[in-house]
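Chain identifiers are assigned alphabetically (A, B, ...) following the order of the sequence lines, protein sequences preceding nucleic acid strands; residue numbering begins at 1 within each chain.
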2 protein chains.
Amino acid sequence: MPYQDGTFGCPVEVGLQRISGKWKPRIIYELLQETRRFGELQRLIPDVSRHVLTTQLRELEKDGIVNRTAFLTMPPKVEYSLTDFGKSLEPILEQMIKVGEHYISLQKNETNNTGS
Amino acid sequence: MPYQDGTFGCPVEVGLQRISGKWKPRIIYELLQETRRFGELQRLIPDVSRHVLTTQLRELEKDGIVNRTAFLTMPPKVEYSLTDFGKSLEPILEQMIKVGEHYISLQKNETNNTGS
DNA sequence: CACAATAGTCAGATTTTTATGACTATGTCA
DNA sequence: TGACATAGTCATAAAAATCTGACTATTGTG
């Protein structure tokens, strides 16, 4: 919803807000590989709690990034996949990986140089 | 610092963490235009408090994204600019803007359709 | 009957992030 | 002398995000 002045906020902030969340980029990354069930995502991302995983998936769904398909079998089965828009986030993720690798390589150098 | 198992964490998370922060993308965006003084940034981003602006600038400096140049004049003058690495973030910001604009255009449509 | 599996929900606690307002230093201007 | 400007710091409060552990439903298996 727009502000009182009719603007919609800074696009950078709006965009970033949609993929912010401790686990969202990671979830998107896993779904870029292939469709996953809820339990698979839990196993792939072991540090996320069930609750937060649910919450973040729901938000991603609301924001048109993931599709949720529930099979009313017993036990239940729920599959998550990326929407076309979700797939369009791949370049951002790739660039973010480069940024991350930049920092990781810095950390590796720090670790190697034992201050001699 | 690496984990006990020798890994350095998911690069996506590492990268995103460095530019996460309510105002960091906006700060980077402003500095992509040109070097700015502290007070200018405050005026350009009126909703950020002095304290948080300072904090986020310090983190960006620590993470090698911005340069801080203090002139010991009176009254003091401090200039912030992007490092080369900071400038390399421009494509990410641009793509994030596209994502943000996508959502903003959705909101505009919602606003126009009064549910007829 | 008890137990396992799936995909959750929920309340409450904890942690992290952001906001608020008071305070600092120093020199110039009136 | 008192006020103003710059670029902050600091303590505390409030808000947002995340974590934890208990709980749900249903069917199949032993």
Side-chain angles (χ1 to χ4, degrees), chain A residues 1 3 9-10 12-28 30-31 34-63 65-81, chain B residues 1 3 9-10 12-28 30-31 34-63 65-81:
Chain A
M1 56 218 72
Y3 294 131
C10 169
V12 189
E13 283 158 36
V14 172
L16 201 88
Q17 200 239 314
R18 265 36 176 228
I19 65 159
S20 284
K22 190 160 171 185
W23 306 103
K24 281 187 191 174
R26 179 67 182 275
I27 292 167
I28 296 169
E30 297 298 345
L31 295 181
E34 59 183 303
T35 294
R36 303 285 192 188
R37 297 180 57 177
F38 185 85
E40 284 183 285
L41 287 172
Q42 266 196 100
R43 265 171 251 117
L44 288 164
I45 317 174
D47 288 344
V48 70
S49 67
R50 255 188 330 285
H51 183 198
V52 171
L53 183 55
T54 304
T55 308
Q56 309 232 328
L57 282 167
R58 289 284 193 281
E59 286 179 18
L60 289 169
E61 193 191 358
K62 176 175 67 64
D63 290 334
I65 292 167
V66 313
N67 288 129
R68 176 177 182 276
T69 315
F71 299 89
L72 298 176
T73 56
M74 195 54 60
K77 173 176 166 182
V78 181
E79 281 186 352
Y80 290 94
S81 59
Chain B
M1 54 217 73
Y3 293 131
C10 169
V12 188
E13 284 158 37
V14 172
L16 200 87
Q17 199 240 315
R18 262 41 175 223
I19 66 158
S20 284
K22 190 160 173 187
W23 306 103
K24 281 187 192 175
R26 179 68 183 276
I27 292 167
I28 296 168
E30 298 298 345
L31 295 182
E34 59 182 304
T35 294
R36 302 285 191 188
R37 296 180 59 178
F38 184 84
E40 283 183 286
L41 287 171
Q42 265 196 100
R43 264 169 252 121
L44 289 163
I45 316 171
D47 288 344
V48 70
S49 67
R50 257 188 329 283
H51 183 199
V52 172
L53 182 55
T54 304
T55 308
Q56 309 232 329
L57 282 168
R58 289 283 193 281
E59 285 178 21
L60 290 170
E61 192 190 357
K62 175 174 68 63
D63 290 334
I65 293 168
V66 312
N67 288 130
R68 176 177 182 278
T69 315
F71 298 88
L72 299 176
T73 55
M74 195 54 60
K77 173 175 163 181
V78 180
E79 281 186 352
Y80 290 94
S81 59

>> Please list, in numerical order, the residues of residues 18-28 of chain B that have a heavy atom closer than 4.0 Å to any atom of DNA chain D.
In response: none
> What pairs of residues pass the side chain to side chain donor-acceptor pair (under 3.5 Å) test when at least one of them lies in residues 43-53 of chain A, not counting sequence neighbours?
Replying inline: none
> What is the nucleic acid contact for Gln56(B), judged by heavy atoms within less than 4.0 Å: base, sugar-phosphate only, or nothing?
Replying inline: sugar-phosphate
Tabulate protein N/O versus nucleotide N/O from nucleotides 11-15 of chain D, keeping only pairs under 3.5 Å, one per line.
| unit_1 | atom_1 | unit_2 | atom_2 | d |
| --- | --- | --- | --- | --- |
| dA11(D) | N6 | His51(B) | ND1 | 3.3 |

> Any side-chain heavy-atom pair from Val52(B) and Lys22(B) closer than 4.5 angstrom?
Replying inline: no
>> Nearest 0.5 angstrom please: Ile65(B) CD1 to Lys24(B) NZ, how far?
In response: 7.0 Å
I'd like a list of close polar pairs between nucleotides 3-7 of chain D and the protein, N/O only, cut-off under 3.5 Å.
| unit_1 | atom_1 | unit_2 | atom_2 | d |
| --- | --- | --- | --- | --- |
| dT6(D) | O3' | Arg37(B) | NH2 | 3.1 |
| dT6(D) | O3' | Pro76(B) | O | 3.0 |
| dA7(D) | OP1 | Arg37(B) | NE | 3.1 |
| dA7(D) | OP1 | Arg37(B) | NH2 | 3.0 |
| dA7(D) | OP1 | Val78(B) | N | 3.2 |
| dA7(D) | OP2 | Gly39(B) | N | 3.1 |

>> Could you measure the distance from the CG atom of Leu60(B) to the OG1 atom of Thr55(B)? Nearest 0.5 Å is fine.
In response: 10.5 Å
> So how far is it from Arg58(A) CZ to Arg68(A) CZ, rounded to the nearest 0.5 Å?
Replying inline: 4.5 Å
> How would you list, by chain and number, every residue that makes a salt bridge (Lys or Arg N to Asp or Glu O under 4.0 Å) with Glu61(B), sequence neighbours excluded?
Replying inline: none
>> If I take atom CG in residue Asp47(A) and atom P in nucleotide dT18(D), what distance separates them, rounded to the nearest angstrom?
In response: 14 Å
>> Once side chain to side chain contact (heavy atoms under 4.5 Å, CB included) is applied, do any residues pair with Arg37(A), and if so which ones, sequence neighbours excluded?
In response: Glu40(A), Lys77(A), Glu79(A)
> Under a 4.5 Å cut-off applied to non-hydrogen side-chain atoms, are Ile27(A) and Leu53(A) in contact?
Replying inline: yes
> What's the spacing between Ser20(B) OG and Glu59(B) CD if we round to 0.5 Å?
Replying inline: 10.5 Å
>> If I take atom CG from residue Asn67(B) and atom OG1 from residue Thr35(B), how far apart are they, to the nearest 0.5 angstrom?
In response: 8.5 Å
>> Within this structure, what is the CD1-CD distance for the pair Ile45(A) and Glu30(A), rounded to the nearest 0.5 Å?
In response: 5.0 Å
>> Just the rounded figure in Å: distance from C1' of dT6(C) to CG of Leu53(A).
In response: 13 Å
> How long is the line joining CG of Leu72(A) and P of dT6(C), in whole Å?
Replying inline: 17 Å
>> Nearest whole Å is fine: how far is dG27(C) C1' from Phe71(B) CZ?
In response: 18 Å
>> If I take atom CD in residue Gln17(B) and atom P in nucleotide dA17(D), what distance separates them, rounded to the nearest angstrom?
In response: 16 Å
